[in-house]
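Proteins come first, then strands; the chains are lettered A, B, ... in the order of their sequence lines, and each starts at number 1.
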Amino acid sequence: MFTGLLTHFGRYLGMMGQVFSRPEKTRMYWNETLRQMVDIGIGSVVIVALISVFMGAVTAVQFSYQLGGQLIPRYYIGYIVRDITIIEMAPTITCLVLAGKVGSNMAAEIGGMRQKEHIDAMEIMGVNTAAYLIMPKLIAALVVIPLLVFMAAFIGIMGGYAASVPTGLLSAEEYIRGLRSFFDPYNVTMMMVKAVTFSFLLTTISCYQGYYVKGGSIELGKASTQAVVLSDIFILLSDYLIAVLLTG
Amino acid sequence: MIRAEHIIKSFGDVTVLKGIDFVFEQGKNNLVIGKSGAGKTVLLKILVGLLQPTNGHVWFDDLDLCTLGKKELRQLRMRIGMLFQGSALFDSMTVEENIRFPLDMFTSKTRKEKDMRVDYCLERVDLVGSNRKYPSEVSGGMQKRVGIARSIVLEPDYLFCDEPNSGLDPKTSIVIDELISDITKEQNITTVINTHDMNSVLEIGDNILLLNLGNIAWSGSKDEVLDADNEYLQDFIFASPFLKKIKERMN
């Protein structure tokens with residue numbers, strides 16, 4: 001098993017080496033990057049917005065319940081929703097969901113191309129397939145996913161407002177006072193570090209799974225599932241490591 | 001000219017190719033034939049550099065494929081065209097975009113020059129008017145022709161065709177065979193065709209290599225096939241009862 005892990009890791013590094021080699025034609029890569037940005041960005045806005053609203057709403061309701069009857073000012077709910085959303089919920093939950101949506105799609109797309117000999121066809125033409133197929137996806141993800149995470153944080157905080165103010169859990173003034181209290185811009189930096197790291201992981205792991213797929217449709221399905229599972233595991237692992245490193 | 005020099009290929013304990021020495025000549029249709037599992041596809045993949053041989057060398061004129069660095073290999077590959085069994089056309093691109101892809105990727109031609117080249121290739125494979133169609137909107141035979149157009153768009157020196165007639169009706173097969181053969185002669189390129197189609201063997205086989213269990217069972221030209229004193233070749237070529245009857249009548 002250990003040898004297997006080492007083999008995968010070595011192959012992953014080899015693939016990444018090819019991904020970062022010089023493009024044959026920058027314009028072709030640029031066009032593909034724009035297409036990927038649209039695919040990842042526009043295609044994920046609705047799902048990210050939806051989960052963000054509920055993420056903020058649930059956080060507000062849960063903390064309101066937890067803090068009820070204690071000697072903690074109610075405006076703290078706004079403060080907690082803001083920080084939890086920025087530090088943890090927006091980057092982690094968004095990227096876990098995107099690993100399922102975007103990651104599995106990348107694995108299936110590249111895996112399908114492998115099975116239909118599209119990758120072989122490009123190789124024979126002389127195209128650096130790892131670079132042409134993965135680099136645009138990676139650049140697009142590194143640009144678009146942090147923006148989605150930023151949007152998720154904003155919508156999440158708004159979700160917290162929508163779930164707590166109209167329902168009478170706390171007043172609008174209290175919620176906004178909470179949002180404006182104890183703000184540390186470093187938390188936003190932490191959110192962006194997480195967003196960029198998670199985007200890199202979910203993209204490269206998913207592409208790796210698709211790029212080296214062998215066999216037929218069952219194996220392609222397995223690779224797609226594996227892409228999501230491994231991306232999620234590595235996102236959570238790196239979440240912990242980033243938390244330790246950046247807060248230590 | 002492509003020269004295979006003592007090619008051995010093993011996968012674990014199984015040796016698929018057991019020392020192939022062969023010259024694929026320029027300006028000729030070089031056909032590789034053999035039963036399923038004889039090692040044809042493995043040989044073709046080694047010739048185009050998708051697989052590394054366990055032992056031996058592949059020479060493209062004076063270039064040894066097996067010792068080339070990545071950069072040189074890419075440069076050589078730009079001189080290679082390949083038609084895949086399933087055509088391997090990019091689904092998300094139109095017929096025209098598929099043919100244009102190598103030009104966009106590797107040349108610095110102007111848009112007009114690229115248009116002219118694409119138009120020429122479309123005309124050459126008799127597909128004028130299909131520019132805007134997607135691969136899923138054209139027939140299997142047309143997909144093969146698009147594949148041929150894409151493989152010749154960079155004016156390659158070497159053309160590889162993996163079972164170009166598979167899944168096609170006999171008439172379309174003849175059209176595809178003639179097209180490949182004409183392009184080979186016109187452009188004086190080295191063409192290697194992996195096929196099961198006996199009609200192709202007897203029609204366009206300038207140089208034929210018959211593989212059996214990883215060895216060369218016979219080699220020669222289409223004119224030598226009928227008279228060859230090789231039982232395995234005769235059994236293979238005239239495997240179908242229909243062809244057997246024809247041969248008996250000819251005799």
Side-chain angles (χ1 to χ4, degrees), chain A residues 7 11 14-36 38-40 43 105-106 108-133 135-137 140 210-217 220, chain B residues 41 44-51 65 68-93 97-109 111 114 135-136 143 146-148 150-154 156 158-163 192:
Chain A
T7 310
R11 208 161 55 164
M15 182 191 83
M16 292 312 295
Q18 284 183 59
V19 169
F20 291 115
S21 54
R22 197 175 164 195
E24 295 89 357
K25 208 61 177 288
T26 316
R27 196 174 59 80
M28 293 286 282
Y29 280 63
W30 174 239
N31 291 344
E32 185 60 16
T33 305
L34 290 180
R35 194 178 72 81
Q36 291 296 333
V38 173
D39 271 8
I40 299 171
N105 188 38
M106 286 176 180
E109 183 186 324
I110 296 180
M113 291 183 79
R114 169 71 73 194
Q115 291 181 337
K116 286 193 269 181
E117 295 184 310
H118 293 177
I119 294 182
D120 285 348
M122 286 187 191
E123 286 276 347
I124 289 166
M125 285 175 202
V127 178
N128 176 355
T129 53
Y132 181 67
L133 296 175
M135 195 201 280
K137 288 182 172 57
Y211 194 73
Y212 288 106
V213 75
K214 277 182 182 160
S217 52
L220 184 58
Chain B
T41 303
L44 200 72
K45 285 190 172 177
I46 288 173
L47 292 179
V48 295
L50 286 178
L51 284 176
L65 179 74
L68 292 179
K70 277 188 181 174
K71 198 178 167 188
E72 291 94 352
L73 185 59
R74 286 219 178 94
Q75 280 170 346
L76 172 65
R77 278 177 168 168
M78 281 178 231
R79 295 165 56 202
I80 293 176
M82 178 147 180
L83 173 64
F84 282 83
Q85 189 175 354
S87 300
L89 301 177
F90 309 134
D91 311 323
S92 59
M93 297 181 191
E97 286 164 349
N98 264 284
I99 299 169
R100 185 187 283 273
F101 182 82
L103 290 171
D104 286 337
M105 192 58 118
F106 299 112
T107 67
S108 47
K109 287 183 173 164
R111 189 175 178 81
K114 285 178 194 170
S136 58
Q143 286 184 14
V146 178
I148 293 171
R150 186 177 68 181
S151 62
I152 61 166
V153 75
L154 288 181
Y158 314 98
L159 178 64
F160 293 88
C161 306
D162 189 13
E163 304 201 14
V192 180

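Between atom CG of residue B:Asn98 and atom NE2 of residue A:His118 there is a gap of 8.0 Å, rounded to the nearest 0.5 Å. The line from CG of B:Asp91 to NZ of A:Lys116 is 3.5 Å long, rounded to the nearest 0.5 Å. How far CZ of B:Arg150 is from CE of A:Met125: 4.0 Å, rounded to the nearest 0.5 Å.
The shortest side-chain heavy-atom distance between A:Ile124 and B:Phe160 does not fall under the 4.5 Å cut-off. Residues B:Lys70 and A:Asn128 fail the side-chain proximity criterion, which asks for heavy atoms closer than 4.5 Å. Between A:Asp120 and B:Met82 there is no side-chain heavy-atom pair separated by less than 4.5 Å. A 4.5 Å side-chain heavy-atom check between A:Glu123 and B:Leu50 finds at least one atom pair inside the cut-off.
Aromatic ring centres of A:Tyr132 and B:Phe90: separated by at least 6.0 Å.
Nearest heavy atoms, A:Arg27 versus B:Lys114: NH2-NZ, 4.1 Å.
For chain B, the nearby part of A:Gln18 is the side chain; its heavy atoms alone come within less than 4.5 Å. In this structure, the portion of B:Thr107 lying under 4.5 Å from any heavy atom of chain A is its backbone and not its side chain. Residue contact with chain A, scored on non-hydrogen atoms closer than 4.5 Å, is absent for B:Leu154.
By number of non-hydrogen pairs under 4.5 angstrom with chain A, the leading residue of B:Lys45, B:Arg79, B:Gln75, B:Arg77 is B:Arg77.
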